[in-house]
K.L.:
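Once you've had a glance at the structure underneath, I'll fire off some questions.
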Amino acid sequence: MIDEGRVVLPGDKVAVTEELKAGDGTYEINGEIFSSIVGIFRIDRKKMIALVEPITSVPLVIKEGDIVICEVKQIGDAMMICRILHIANKKRQIAGEKDVAIHISNISEEYVENIGEKFRIGDIIRAKIIKAEPVLQATAKEKEFGVIKAYCTNCRNPLIRKNNLLECRVCGSVEKRKIADDYGEGDIDRGD
Amino acid sequence: MVKLLIKDGIRLDGRKPDELRKIKIEAGVLHRADGSCYLEWGENKILAAVYGPREALPRHIQDSTKAIVNARYNMASFSVEERKRPGPDRRSIEISKVTSEALEGVIFTELFPRTMIDVCIEVLNAEAGTRCAGITAAAVALADAGIPMKDLPVACAAGKVDGTVVLDLTSGEDKEGEADLPVAIAPRTEEILLMQMDGHMTYKEFEEALELALKGCKKVHELQREALLNKYKDFEV
């Protein structure tokens, strides 16, 4: 076993399976454990697992608890499908599935008869991932989640917030949405 | 016939038969790429960038079991003496394909299903051995992008000029010599990821050339490691 805290590169031998189990950033072949990434070698002494903590940027895989910015693509009776555009505070492109489902029970705290009352196709929303497997699921409950930018359903011009309603400056129509508390500020990296 | 070896087995550029050209590797040179590398190998100047894993598009090319490794080898129009017509040609399409397959051999592609890893290899200046230099640069860029790999792949060529097996051919030796043998390996296991041969060699010469190319790969691997450790040395505890 090499010393903890050393920088290792892909293919460097870090330990053998008699000492530790292969964990994140490592792989095992013929009883030997090697690093698979550029990182710092660490040992989880509780579970006796060999880990390599990355020091490079890492591929972006969506996991539970991530705050995402997405666009509403499709609205059904029981759920709506959104496409993830960005993960808050992450710069890299998303590796893997980008479509996320939001069930009607996760649209808002209050009772929702019809999803179309709260979101419309093309709205940019903030939501939180609550399930990553087997398909992505998110929630828009809580005040910081919901629409952060919406477009007028008549003329597609951006809507401006007016108290708890959204107003179109061009055609004057007033629309209802589940609005995030920072509607229109454009802060896509706001976490929780 | 051009004379390629001056006396005592010294080559035209003053190298011994088993000597490499000068190599300089720098990791993480591009800000917008997920991982990148700049490499100078003799007169070769190569820039490699890695993007992804990201959603593979169009959707029908996605593989639900693994990521697709999509390497693109491209020579700049100004990379050779006579202006090269820009865009992919027969040669660069083949090199892109063999490079993708060589890199696929070391990347843990099954960790990122339905995605694509793009590796762009831009040859800014070419002087023989660009596919080897491209793979070497791509390996450093992949490591810089944090993509899990079995090993840090590396490539080096050997060949035969004036009846002598030599390492790392220059463009003159490549054109006038008898054979060229580019080899890419995973250095830990010496697993061969790419091997092509141009020209003729006897079986004995081939074995000798392969041996020499493997030795060259090991030397280049040390430089790759140095480049990565150099970039991330501040993290050493």
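Residue numbering restarts at 1 for every chain, and letters A, B, ... go by the order of the sequence lines.
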K.L.:
Nearest 0.5 angstrom please: B:D34 CG to A:K91 NZ, how far?
P.N.:
11.5 Å

K.L.:
With a strict 4.5 Å heavy-atom criterion, list every residue of residues 98-123 of chain A that contacts chain B, or say none.
P.N.:
A:K98, A:D99

K.L.:
Using a cut-off of under 4.5 Å for heavy-atom pairs, which of A:I94, A:T56, A:V58, A:D3 has the most such pairs with chain B?
P.N.:
A:T56

K.L.:
Is A:D12 salt-bridged to B:R225, cutoff N-O under 4.0 Å?
P.N.:
yes

K.L.:
I'd like to verify something: which residue of B:G28, B:A67, B:A145, B:A27 has the highest number of heavy-atom pairs under 4.5 Å with chain A?
P.N.:
B:A145

K.L.:
Out of curiosity, A:I37 CD1 to B:I147 CD1, how far, rounded to the nearest 0.5 Å?
P.N.:
11.5 Å

K.L.:
Of all residues at least two apart in sequence or in a different chain, which pass the side chain to side chain donor-acceptor pair (under 3.5 Å) check with B:E190?
P.N.:
B:K218

K.L.:
More than 12 heavy atoms of other residues, nucleotides or ligands under 6.0 Å from CD of B:E101: is that the case?
P.N.:
yes

K.L.:
Quick check: closest heavy atoms across B:L228 and A:L9, and the distance to 0.1 Å?
P.N.:
CB-CD2, 3.9 Å

K.L.:
Does any backbone or side-chain atom of A:V52 lie under 4.5 Å from a heavy atom of chain B? Answer side chain, backbone, both or neither.
P.N.:
neither

K.L.:
Any carboxylate oxygen within less than 4.0 angstrom of a Lys/Arg side-chain nitrogen, looking at B:R59 and A:E97?
P.N.:
yes

K.L.:
Could you tell me which residues in residues 24-36 of chain A have at least one non-hydrogen atom under 4.5 Å from a non-hydrogen atom of chain B, sorted by residue number?
P.N.:
A:Y27, A:I29, A:F34, A:S35, A:S36

K.L.:
How would you list, in number order, the residues of residues 153-182 of chain A that have a heavy atom less than 4.5 Å from chain B?
P.N.:
none

K.L.:
What part of B:R54 is in contact with chain A, defined as an atom under 4.5 angstrom from a non-hydrogen atom: side chain, backbone, both or neither?
P.N.:
both

K.L.:
How far apart are the C-alpha atoms of B:D144 and A:V38, what are their side-chain angles, what is the distance that settles it, and do they pass the side chain to side chain contact (heavy atoms under 4.5 Å, CB included) test?
P.N.:
CA-CA 7 Å; B:D144 184 42; A:V38 181; over 6 Å; no

K.L.:
Please name the pair of heavy atoms, one in A:P10 and one in B:A143, separated by the smallest distance, quoted to 0.1 Å.
P.N.:
CG-CB, 4.3 Å

K.L.:
Please indicate whether B:K215 has more than 12 foreign heavy atoms, meaning atoms of other residues, nucleotides or ligands, lying under 6.0 Å from its NZ.
P.N.:
no

K.L.:
Has B:E207 got more than 12 heavy atoms of other residues, nucleotides or ligands less than 6.0 Å from its CD?
P.N.:
yes

K.L.:
Relative to chain B, which segment of A:I55 carries a heavy atom at a distance below 4.5 Å: side chain, backbone, both, or neither?
P.N.:
both

